[in-house]
K.L.:
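Have a look at this one.
Since we're looking at a predicted model, the values are computed, not measured.
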Amino acid sequence: MSATLVKTASTAPPAEPALRVVPTRRAGQWAAAGLVIVLLALGLVSVVRNKAFQWDVVAEYFTSASVLRGLGLTLWLTALVMALGFVLGTLLAVLRLSANPVLRAVGWGYVWFFRSTPILVQLLFWFNIGVLYPQILGVNTVNLLGPVAVAVIGLTLHEAAYAAEVVRGGILSVDRGQIEAAQSLGLGRWRRLSRIVLPQAMRAIVPPAGNMLIGTLKGTSIVSVIAVQDLLYSTQLVYHRTYEIIPLLLVATLWYVAVTSVLGIGQHYVERHYARGTAGAR
């Protein structure tokens with residue numbers, strides 16, 4: 001019997017060698033990546049070494065008092081417009097989701113009108129409101145609104161139209177079962193909205209709202225046409241006096257890049273906060 005076992009073992013097929021995994025060679029991708037790096041390096045060197053950019057002038061005015069005042073006004077205007085825009089936008093979103101057809105039509109008409117007209121045209125209309133309506137309810141409107149007030153009103157009404165669609169989309173993303181469960185508990189409409197719907201809708205609201213915030217920050221530069229001394233207008237005042245156009249535009253550009261980068265980082269952490277418990281949370 002032992003001989004039979006030995007014979008059987010000796011005739012067993014040899015074990016196959018383990019397969020060696022060979023990574024896919026991507027020579028073309030690496031070559032393209034190397035070419036891109038070389039081109040970026042050449043572009044960076046050309047920007048740094050090009051004397052026409054006048055980096056010494058950029059450094060001189062980057063933290064000047066006039067530029068910092070303009071930056072402060074830009075940040076204040078952005079924060080105020082976003083806050084007021086989302087308050088009004090939330091109200092418009094509720095109107096658009098109302099069961100009342102008149103309220104739905106009013107909400108839809110507002111969004112349609114302000115999304116259909118350029119923001120510059122809206123600002124110019126508000127700036128010339130005294131020409132259209134010299135008096136409203138007995139109040140003289142010719143010198144009633146200054147440039148900053150016009151900027152706040154015009155930008156807020158414009159942003160509210162987009163905020164309404166962002167909030168409406170977030171509300172519609174909430175599962176209907178959550179609303180029905182809140183109704184079964186006897187919660188009123190506004191309490192359901194504030195305690196149940198909006199907290200869950202924030203996951204869908206925050207990403208486009210963050211993009212709106214960054215877009216509003218850059219969009220405030222348009223108020224320079226009505227002589228609001230924001231960041232861009234402050235740099236324009238300087239280069240109208242010194243004729244150093246390129247370096248002053250670089251000052252404004254670098255500040256916009258810096259602030260939007262900070263806002264982008266903040267948006268990432270806010271999104272991660274509201275995405276807790278979901279598969280996409282990081």
Side-chain angles (χ1 to χ4, degrees), residues 75-119 122-123 126 151-220 260 262-282:
L75 296 177
W76 174 83
L77 190 59
T78 301
L80 183 61
V81 166
M82 284 296 294
L84 296 177
F86 263 90
V87 169
L88 180 56
T90 302
L91 176 61
L92 291 169
V94 173
L95 293 182
R96 291 210 61 190
L97 295 172
S98 173
N100 189 308
V102 176
L103 296 181
R104 284 202 312 270
V106 170
W108 179 87
Y110 181 100
V111 172
W112 167 78
F113 178 79
F114 282 95
R115 289 202 309 177
S116 301
T117 54
I119 179 60
Q122 296 176 34
L123 287 176
W126 282 106
V152 172
I153 294 173
L155 291 175
T156 297
L157 295 178
H158 178 77
E159 294 300 320
Y162 292 90
E165 292 300 279
V166 169
V167 174
R168 186 174 71 91
I171 293 174
L172 292 176
S173 70
V174 178
D175 185 70
R176 181 66 187 175
Q178 298 288 325
I179 302 175
E180 293 174 351
Q183 288 175 332
S184 66
L185 294 174
L187 297 179
R189 178 177 177 83
W190 288 104
R191 199 171 182 185
R192 290 198 307 268
L193 181 66
S194 61
R195 298 292 184 88
I196 305 297
V197 177
L198 284 180
Q200 296 184 65
M202 290 301 291
R203 286 198 300 268
I205 291 175
V206 168
N211 292 334
M212 276 188 60
L213 175 60
I214 293 174
T216 302
L217 173 71
K218 296 183 295 182
T220 56
T260 53
V262 172
L263 292 178
I265 295 172
Q267 177 186 350
H268 167 74
Y269 285 104
V270 173
E271 287 182 16
R272 191 169 69 173
H273 170 76
Y274 283 104
R276 289 179 302 177
T278 62
R282 290 182 177 84

K.L.:
Rounded to the nearest 0.5 Å, how far does CD of Q122 lie from NE2 of H158?
P.N.:
6.0 Å
K.L.:
Exactly one of E159, Q267, M82 should register a side chain to side chain contact (heavy atoms under 4.5 Å, CB included) with L213. Which one does?
P.N.:
M82
K.L.:
Enter the distance from T78:OG1 to L217:CG here, rounded to the nearest 0.5 Å.
P.N.:
4.5 Å
K.L.:
State whether the side chain of Y110 and the backbone N or O of L157 hold a donor-acceptor pair below 3.5 Å, judged by distance alone.
P.N.:
yes
K.L.:
Of the non-hydrogen atoms in P208 and V166, which two are nearest, and what is the gap between them?
P.N.:
CG-CG1, 3.7 Å
K.L.:
Can you confirm whether I205 sits close enough to I171 that some side-chain heavy atom of one is under 4.5 Å from a side-chain heavy atom of the other?
P.N.:
no
K.L.:
Taking all non-hydrogen atoms of both residues into account, name the closest pair between G154 and L123 and its distance.
P.N.:
CA-CD2, 3.9 Å
K.L.:
Give me the atom names and distance for the closest heavy-atom approach of S173 to A201.
P.N.:
OG-CA, 4.5 Å
K.L.:
Distance check, rounded to the nearest 0.5 Å: E271 atom CD versus R203 atom CZ?
P.N.:
12.5 Å
K.L.:
Side-chain contact test, heavy atoms from C-beta onward, threshold under 4.5 Å: evaluate it for V270 versus H273 and give yes or no.
P.N.:
no
K.L.:
Can you measure from CG (N211) to OG1 (T216) and round to the nearest 0.5 angstrom?
P.N.:
10.5 Å
K.L.:
Measure across F114 and A161 and return the closest heavy-atom pair with its distance rounded to 0.1 Å.
P.N.:
CB-CB, 3.8 Å
K.L.:
Within a strict 4.5 Å, meaning less than it, do heavy atoms of the L84 and L88 side chains meet?
P.N.:
no
K.L.:
Determine whether T220 and W76 satisfy the following criterion, side-chain contact (heavy atoms from CB on, under 4.5 Å), listing intermediate values before the conclusion.
P.N.:
CA-CA 10 Å; T220 56; W76 174 83; over 6 Å; no
K.L.:
Just how far is it from atom CG of L172 to atom CD of E165, taken to the nearest 0.5 Å?
P.N.:
9.5 Å
K.L.:
If you look at every heavy atom in L155 and L77, which pair is closest and at what distance?
P.N.:
CD1-CD2, 3.9 Å
K.L.:
Is the shortest side-chain heavy-atom distance between L92 and V167 below 4.5 Å?
P.N.:
no
K.L.:
Do you know which two heavy atoms are closest between V81 and V152, and how far apart they sit?
P.N.:
CG2-O, 4.3 Å
K.L.:
Look up atom CH2 in W112 and atom OG1 in T117, then write down how far apart they are to the nearest 0.5 Å.
P.N.:
9.0 Å
